[in-house]
Amino acid sequence: MWTELTPAELLSGPVTAPRIADEPWFVRWDRLDLDVDELVARAFPNPVDLHTSGTTGQSRAWRRTREQLWAEAGLLAGLLAPRSPQAVLSFVPPRHIFGMLVSVLVPARLRVPVWYRPALFGPAPGEGYRRWAVMAIPWVFSLLRRNMSWVSTSEHLTVLHSTATLPATAADFLAEAGPERASIVEVFGSTETGGIAKRQWAGGDPLWELFDDVRFLPGRAPAGKEVPLAISSPRLAAPPGEPPPESAVMDDLVLPVGEDRFRFVGRRSRLVKVNGRRMDLDELERSLRSVLRCADLAILPVTDAVIGEHIDLLVVPETGVGVDARVVREHLGVRPRRTLLLGRIDRTDTGKALRAQRVIG
């Protein structure tokens with residue numbers, strides 16, 4: 001069941017109150033009878049400490065001011081406003097920056113009601129709205145496909161996605177919903193930087209466009225050359241006790257295009273070279289799902305004593321279905337160092353596989 005929270009309760013609790021991240025709730029921003037900017041200034045904490053996901057190591061705290069978060073919420077609301085959403089359905093935990101923004105502050109900016117659901121199972125809101133914004137992490141596309149009867153009652157549904165590479169199910173969802181009924185908007189960023197760039201996705205690999213307040217660092221974005229993404233932004237976070245930096249160099253390789261666009265090549269931590277062949281593990285995971293029957297899978301970068309960089313494949317098999325090593329090798333072009341069969345893959349609550357896994361099955 002959904003629990004109704006007041007706007008003040010939601011604003012004062014997304015970091016400190018576990019129930020706001022772990023239980024279904026809704027907030028009627030459309031019924032707020034006072035100025036939302038004043039309420040945010042009064043009720044929202046300042047500063048706010050948010051943490052990296054801890055996928056590859058120790059989680060780390062990053063501090064943002066209330067003004068930085070409110071400004072970013074305005075940018076994201078601006079992506080959705082032309083699509084005129086009447087309500088928001090969010091699945092993104094407010095304990096992380098993307099969830100803090102899209103589950104709490106963006107609906108406040110839009111002055112529309114928001115329903116938050118933390119789990120894969122449970123009812124969709126039955127409020128009769130015709131235009132929705134759905135705040136998504138990767139598994140949400142599978143959920144939407146299983147609830148096409150709800151999707152089909154909408155005039156339009158905009159999915160706002162961040163935190164990871166789009167799964168193959170995103171294309172399946174768009175095909176089933178139809179381009180006149182659904183669209184996907186992606187945001188590129190991190191806990192440390194906030195939102196850097198955005199794009200509308202309808203297939204392929206469209207260019208990313210920097211947000212209006214983000215710039216490439218001078219001299220760090222030569223055209224036609226793969227370089228680490230280096231930017232300046234007024235919304236950069238800092239470790240608690242330190243001043244906000246003026247610029248950041250990311251763990252992402254990009255091909256800059258002009259003054260404000262780029263093509264994403266891959267995260268350096270997810271690009272490995274095995275036997276001389278460069279592999280983007282995010283893309284390989286997505287494509288391998290289309291040929292390997294399983295409940296879940298992940299590919300992790302590892303160090304091999306003989307050849308250096310290598311990969312491990314983690315698979316949660318479907319009941320009664322084995323893992324065909326020939327299919328895996330033909331698709332990847334290399335035999336994984338190890339293939340581990342697990343009862344489940346340990347992930348963060350935004351869907352990223354943890355580097356350290358418990359072999360439980």
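If you take OG on S103 and CZ on F91, they are separated by 10.0 Å, rounding to the nearest 0.5 Å. Note that CD of E9 is 6.0 Å distant from CZ of R19, once rounded to the nearest 0.5 Å. Atoms CG and CG, from L332 and L313 in turn, are 7.0 Å apart once rounded to the nearest 0.5 Å. D30 CG to L32 CG: the interatomic distance, rounded to the nearest 0.5 Å, is 9.5 Å. Rounding to the nearest 0.5 Å gives a distance of 9.5 Å between CZ of F216 and CD1 of I196. Atom CG of residue L69 and atom CD of residue E67 lie 9.0 Å apart, to the nearest 0.5 angstrom.
No salt bridge links R42 with E38; every basic N to acidic carboxylate O contact stays at or beyond 4.0 Å. The residues D280 and R278 are annotated as not salt-bridged, no charged nitrogen and carboxylate oxygen being separated by less than 4.0 angstrom. A salt bridge is absent between R64 and D49: the closest approach of a Lys/Arg side-chain nitrogen to an acidic carboxylate oxygen does not fall below 4.0 angstrom. Under 4.0 Å is where a charged nitrogen must lie from a carboxylate oxygen, and between R95 and D22 at least one such pair does. Between R199 and E186, at least one side-chain N (NZ, or NE/NH1/NH2) sits under 4.0 Å from a carboxylate O, which counts as a salt bridge. The residues K198 and E72 are annotated as not salt-bridged, no charged nitrogen and carboxylate oxygen being separated by less than 4.0 angstrom.
For F26 and W2, the ring centers are positioned 6.0 Å apart or more.
Counting heavy-atom neighbours within 6.0 Å of R263 CZ, excluding the residue itself, gives a total above 12. Counting heavy atoms of neighbouring residues, nucleotides and ligands inside a 6.0 Å radius, atom CD of E180 exceeds 12 of them. In R335, the CZ atom is not crowded: 12 or fewer heavy atoms of neighbouring residues, nucleotides or ligands sit closer than 6.0 Å. Counting heavy-atom neighbours within 6.0 Å of R293 CZ, excluding the residue itself, gives a total of 12 or less. Within a 6.0 Å radius of CG in D35, more than 12 heavy atoms belonging to other residues, nucleotides or ligands are found. In E4, the CD atom is crowded: over 12 heavy atoms of neighbouring residues, nucleotides or ligands sit closer than 6.0 Å.
Under the 6.0 Å distance and 45° angle rule, R109 counts as a cation-pi partner of W70.
In this structure, the side chains of V48 and R63 stay at 4.5 Å or more apart for every pair of heavy atoms. Taking 4.5 Å as the limit, some side-chain heavy atom of M148 sits within range of a side-chain heavy atom of E176.
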**Item:** Worked check of side-chain contact (heavy atoms from CB on, under 4.5 Å) between M279 and V274
**Value:** CA-CA 7 Å; M279 307 170 73; V274 181; 3.7 Å; yes

**Message:** What verdict does the side-chain contact (heavy atoms from CB on, under 4.5 Å) test give for W132 and H156, after you've listed the backbone C-alpha separation in whole Å, the side-chain angles of each residue and the deciding distance to 0.1 Å?
**Reply:** CA-CA 6 Å; W132 287 87; H156 193 270; over 6 Å; no

**Message:** Show, in sequence, the C-alpha distance, side-chain angles and deciding distance for D33 and R31, and conclude whether the salt bridge (charged side-chain N to carboxylate O under 4.0 Å, His left out) test is met.
**Reply:** CA-CA 6 Å; D33 58 0; R31 296 178 180 174; over 6 Å; no

**Request:** Would you sort out whether V104 and Y116 count as a side-chain contact (heavy atoms from CB on, under 4.5 Å), showing the intermediate values?
**Result:** CA-CA 9 Å; V104 179; Y116 169 73; over 6 Å; no

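Under the 30°/60° scheme for interplanar angles, the aromatic rings of F264 and F188 are found to stand perpendicular. The aromatic rings of W208 and F262 sit parallel to each other, their planes meeting at less than 30°, with 60° as the upper class boundary.
When each of R289, R146, R145, R286 is checked for a salt bridge (charged side-chain N to carboxylate O under 4.0 Å, His left out) with D172, only R145 meets the rule.
At a cut-off of 3.5 Å, with distance as the only test, no side-chain donor of S152 or S149 sits close to an acceptor on the other residue. At a cut-off of 3.5 Å, with distance as the only test, a side-chain donor of S287 or H331 sits close to an acceptor on the other residue.
Panel note: side chain R117, backbone A119; a donor-acceptor pair is recorded below 3.5 Å. No donor-acceptor distance shorter than 3.5 angstrom exists from the side chain of Q200 to the backbone of V185, with no hydrogens or angles considered. Remark: side-chain polar atoms of E209 are not paired, donor with acceptor, to backbone N or O of R261 under 3.5 angstrom. The backbone N or O of S154 lies less than 3.5 Å from a partner atom in the side chain of R181, making a donor-acceptor pair.
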